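To keep things clear, I will list the structure first and then write my remarks on it.
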Amino acid sequence: MQEERSFVYTLILGICMLLSLLMIGRMLLGHPAGTSATPQEQSGQPKGESDMEIRLDEKDLMTLIEAALPFPADEMQVEIGEDSTVGVRAKVRKQSIEQSGLVSGNMRTALLFLPEECMVYGKWETAMQDGMLALRCLRAELAGFSLPGEAAATFSQYLADAINGRLRELGIKLAGISCADGVLSLHTG
């Protein structure tokens with residue numbers, strides 16, 4: 001009789017342990033225990049994605065730009081204009097710019113004459129193109145000198161690609177962009 005009870009208890013304990021492991025596995029995969037995924041969640045599309053608005057203030061945008069830059073920058077300031085422009089000012093090291101891989105040809109030679117630390121400034125008009133952020137460079141300066149159009153365009157494209165890459169990672173496709181009161185609003189669709 002005792003042996004029979006021990007077997008039943010072991011069986012119950014085994015079943016409870018199996019159920020606990022299944023619940024833990026489900027929680028680790030992002031599905032809380034006791035809930036079932038909706039058809040929209042099963043398709044991989046987050047709830048409300050079709051009409052979501054992501055608001056980035058100047059500090060949020062600065063964090064995103066810092067992560068996208070191919071070199072470290074200090075004392076960064078970001079300004080979001082009412083006219084759908086974004087201005088960025090930062091201090092960078094000459095060596096960091098050289099090692100970034102963005103500078104080639106004549107620009108590499110020009111870097112030799114820069115001080116070890118210098119200010120960079122850029123101003124871009126933001127727009128949406130094919131569901132992605134597009135940046136059109138209005139002004140780009142390094143140590144107070146205007147960058148040639150080709151260098152400014154290369155850097156602008158790099159920055160736009162980095163930001164769009166992050167948006168793609170998050171599964172965000174843009175339907176519109178607007179600026180107001182120091183906030184860049186990304187409308188998804």
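Every heavy atom of this structure was used, including side-chain atoms; hydrogens, water molecules and symmetry mates were not. Please read all numbers here as calculations on a predicted model, not as lab measurements.
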task: Kindly check if the number of other-residue, nucleotide or ligand heavy atoms within 6.0 Å of CD (Q129) is above 12?
output: no
query: Is E125 atom CD crowded by more than 12 heavy atoms from other residues, nucleotides or ligands, each under 6.0 Å away?
result: yes
task: Rounded to the nearest 0.5 Å, what's the gap from CZ on R55 to OG on S178? Could you check?
output: 8.0 Å
task: Could you tell me whether D130 atom CG has more than 12 heavy atoms of other residues or ligands within 6.0 Å of it?
output: no
query: Do V183 and W124 belong together in a cluster built from hydrophobic side chains that touch within less than 4.5 Å?
result: no
query: So F71 and F155, would you call those rings parallel, tilted or perpendicular, with 30° and 60° as cut-offs?
result: parallel
- line: In terms of heavy-atom contacts, S84 and C179 come closest through CA-SG, 3.4 Å
Value rounded to 0.5 Å, distance of CG in L184 from CG in L133: 7.5 Å
query: Is there a side chain to side chain contact (heavy atoms under 4.5 Å, CB included) between C118 and L142 once you walk through the steps?
result: CA-CA 7 Å; C118 52; L142 178 61; 3.7 Å; yes
task: Output, in order, the C-alpha distance, side-chain angles, deciding distance and verdict of side chain to side chain contact (heavy atoms under 4.5 Å, CB included) for R168 and M132.
output: CA-CA 9 Å; R168 273 192 301 276; M132 305 302 269; 2.5 Å; yes
- line: One should read off an interatomic distance between D83 CG and K123 NZ, to the nearest 0.5 angstrom, of 5.5 Å
- prompt: Are the side chain of D60 and the backbone N or O of D57 linked by a donor-acceptor pair below 3.5 Å?
  reply: yes
List the atom pairs, with distances to 0.1 Å, where a side-chain N or O of residues 72-80 and a protein N or O form a donor-acceptor pair under 3.5 Å, not counting sequence neighbours.
{"residue": "E75", "atom": "OE2", "partner": "K91", "partner atom": "NZ", "Å": "3.1"}

field: Interatomic spacing from OG in S185 to CG in L174 - rounded to 0.5 Å
entry: 11.5 Å
query: Under a single-linkage definition using a 4.5 Å side-chain heavy-atom cutoff for Ile, Leu, Val, Met, Phe, Trp and Tyr, are I177 and I54 assigned to the same hydrophobic cluster?
result: yes
- prompt: In the single-linkage hydrophobic clustering (I, L, V, M, F, W, Y; side-chain heavy atoms under 4.5 Å), do L159 and M62 co-cluster?
  reply: yes
statement: In this structure, CG of N164 is separated from CG of L135 (nearest 0.5 Å) by 8.0 Å
field: Single-linkage hydrophobic cluster L61~M128, side-chain heavy atoms < 4.5 angstrom
entry: yes
Gap separating the CE atom of M52 from the CD1 atom of I172, nearest 0.5 angstrom: 5.0 Å
task: Determine whether L167 and L186 make a side-chain contact, defined as any pair of heavy atoms from C-beta on separated by less than 4.5 Å.
output: yes
